[in-house]
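Below is one structure, written out as structure tokens; the observations come after it.
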Amino acid sequence: MPSLAPHIASVPASGIRRVFEIAARLEDVAMLVIGEPDVPVPHHVAEAARQAWSDDLTNYTPNGGIPALRQAIVEKLARENDVHVDVERVWVTVGATQALHQTMGLLLGAGDEVLVPDPGYTTFSMNARMLDAVPVTYTLSPRRAFRPDLAELERLVGPRTRAIIVNSPSNPLGTVWPREVLQEVLDFAARHDLWVISDEVYEYFTYGTPHVSIASLDVDDRVFSVFSLSKTYAMTGVRVGYLVTPPGLSDTMRTVQEAAISCVAEPDQHAALAAITGDHGPVSEAREHYRTNLRLATRLLDERGIGYLDPEGAFYLWIDVSHASQGDVAGWAEALLLEHRVAVAPGSAFGRAGEGWIRICLAAAPEVLTRGLGALPAPGDVTAPPPRASVVSSD
Ligand SMILES: Cc1ncc(COP(=O)(O)O)c(C=O)c1O
């Protein structure tokens, strides 16, 4: 067999998938590992998709998406994000995933560097590596309220740095960066003439600090904004997101979309149009559901003295298990799964700074949350190290 491109071996495997795959082989697992809504897709969204199939709307569409959907996104951006663009800056994508890959493909050549958050969503680094580019991590540490350290950013930026990725609300942390933090990052990017890639897929799920789109602060056209319908409308498997580019890139975007996907599936675009223009009651209900689960989870953790980061957005809880995990939270999470049938995401899957932490997904039934959190050892309970997970086969 001929060899693969050498840089493909450097694409890091997902530490979340590993737990998920082991969990899938077990029975009766409290699943808190995957970042996916547990509410159904709104009825009118499913109905629009069904109708599109019935009407045989199953053709290629313009590369950027059907005009009605692009227009609806333009109006949503103005209304909700204070971002004012024309339709030629809006590109409907196969989820945020393709929007991220497309953007990095536009901006990064082999050997170029992109600043990515640590802890941060795994795909940021994976995408950079797939392009033979280099993800350089900036730390979000408890000491700085999980916000970027400007002095560290200044140290990390070099002649090959091309872009910085920001993700607010954050996966896995649930932090929401206020306007002044976003402004500082934008000023930093301007000082070094960097692009900004802003991942805003959890924009609708905030619990305190309101979501601000960094593109609304952009005065010199350096922000690419990535949005998704996956989490907002509980349609992760439908695969629709969108990318908002700086001006003047529509010819380039048309070409790269053609090469990558041609277009998003037409029935899915009709579902997306119904989601964006339709009743947002189900989105508010989902937000309330996550917020209620958050209250339940933090109460359970408080009662047992287990530390966590109080999230302001998304639907995750970032929990400190360093008293138990002994410097190997990935192994510890596997042991927890085997011994207690509780699946959580090890923090180290999101970067080095995640060691000693786990991420749980709050989009779960209350009884699953209660059982899962009940299996976590409190600081006072820890006497012996947990069983080693090395007995687990990964195949
Ligand atoms: C921060 C972040 N960005 C992007 C994605 C991918 O979303 P999509 O389903 O739209 O591809 C996820 C999914 O978990 C995410 O957490």
Side-chain angles (χ1 to χ4, degrees), residues 14-17 19-20 31-39 41 45 65 69 73 90-105 114-128 130 135 137 140 146 163-177 196-206 211 213-214 224-244 260-261 264-265 268-269 271-272 275-276 283 286 290 311-318 344-345 347 349-351 354 359-364:
S14 162
I16 304 174
R17 278 277 144 198
V19 172
F20 181 68
M31 275 296 223
L32 302 173
V33 62
I34 294 286
E36 179 149 59
D38 64 331
V39 296
V41 69
V45 177
L69 176 56
I73 293 169
V90 170
W91 297 82
V92 180
T93 56
V94 182
T97 302
Q98 189 236 331
L100 285 166
H101 190 73
Q102 195 77 289
T103 308
M104 288 198 230
V114 54
L115 297 168
V116 300
D118 174 7
Y121 178 52
T122 46
T123 301
F124 300 149
S125 293
M126 292 165 102
N127 266 314
M130 273 187 72
T137 54
L140 303 173
F146 297 92
I164 178 169
I165 298 184
V166 301
N167 174 215
S168 172
S170 154
N171 174 12
L173 299 173
T175 44
V176 177
W177 292 357
V196 176
I197 305 171
S198 175
D199 178 323
E200 304 180 27
V201 309
Y202 298 96
E203 61 174 331
Y204 279 95
F205 300 126
T206 59
H211 173 66
S213 289
I214 194 166
F224 284 80
S225 310
V226 172
F227 296 91
S228 174
L229 282 78
S230 289
K231 318 283 176 170
T232 309
Y233 305 104
M235 48 192 277
T236 49
V238 182
R239 314 303 304 128
V240 188
Y242 50 97
L243 174 62
V244 185
I261 60 160
V264 168
D268 297 351
Q269 294 193 52
I276 290 175
V283 180
Y290 304 141
E312 294 168 297
F315 44 54
Y316 303 110
L317 194 51
W318 188 242
V344 301
F350 302 96
R359 184 201 74 177
I360 65 150
C361 180
L362 294 164

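Keep in mind that this is a model prediction, so the values were computed, not measured. Hydrogens, waters and symmetry mates play no part in the numbers below; they use all other heavy atoms, side chains included. In each ligand, atom 1 is the first atom listed, and ligand 1 is the first ligand listed. One is the number of the first residue; the rest follow in order along the sequence.
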Region of A96 engaging ligand 1 - heavy atom pairs below 4.0 Å: both
N or O contact, R239 vs ligand 1, cut-off under 3.5 Å: yes
Heavy-atom side-chain proximity of V39 to Y290 below 4.5 angstrom: yes
F205 and F315 aromatic ring geometry - parallel, tilted or perpendicular at 30°/60° bounds: tilted
Heteroatom distance test (G95, ligand 1): nitrogen or oxygen, under 3.5 angstrom: no
Nearest non-hydrogen protein atom, atom 13 (C) of ligand 1: K231 NZ, 3.0 Å
Shortest non-hydrogen separation from R239 to V264 and the atoms involved: O-CG1, 4.2 Å
Backbone or side-chain N or O of T97 under 3.5 Å from ligand 1 N or O: yes
Part of N167 with heavy atoms under 4.0 Å of ligand 1, whether side chain, backbone, both or neither: side chain
S213 side chain to E203 side chain, donor-acceptor N/O pair below 3.5 angstrom: no
Flag side-chain contact, heavy atom, 4.5 Å: V19 against V344: no
Side chain, backbone, both or neither: the part of Q98 lying under 4.0 Å from ligand 1 by heavy atom: neither
Verdict with reasoning, L173 to L140, per side-chain contact (heavy atoms from CB on, under 4.5 Å): CA-CA 9 Å; L173 299 173; L140 303 173; 3.9 Å; yes
Atom 1 (C) of ligand 1 [closest protein heavy-atom partner, distance rounded to 0.1 Å]: D199 OD2, 3.4 Å
Region of V201 engaging ligand 1 - heavy atom pairs below 4.0 Å: side chain
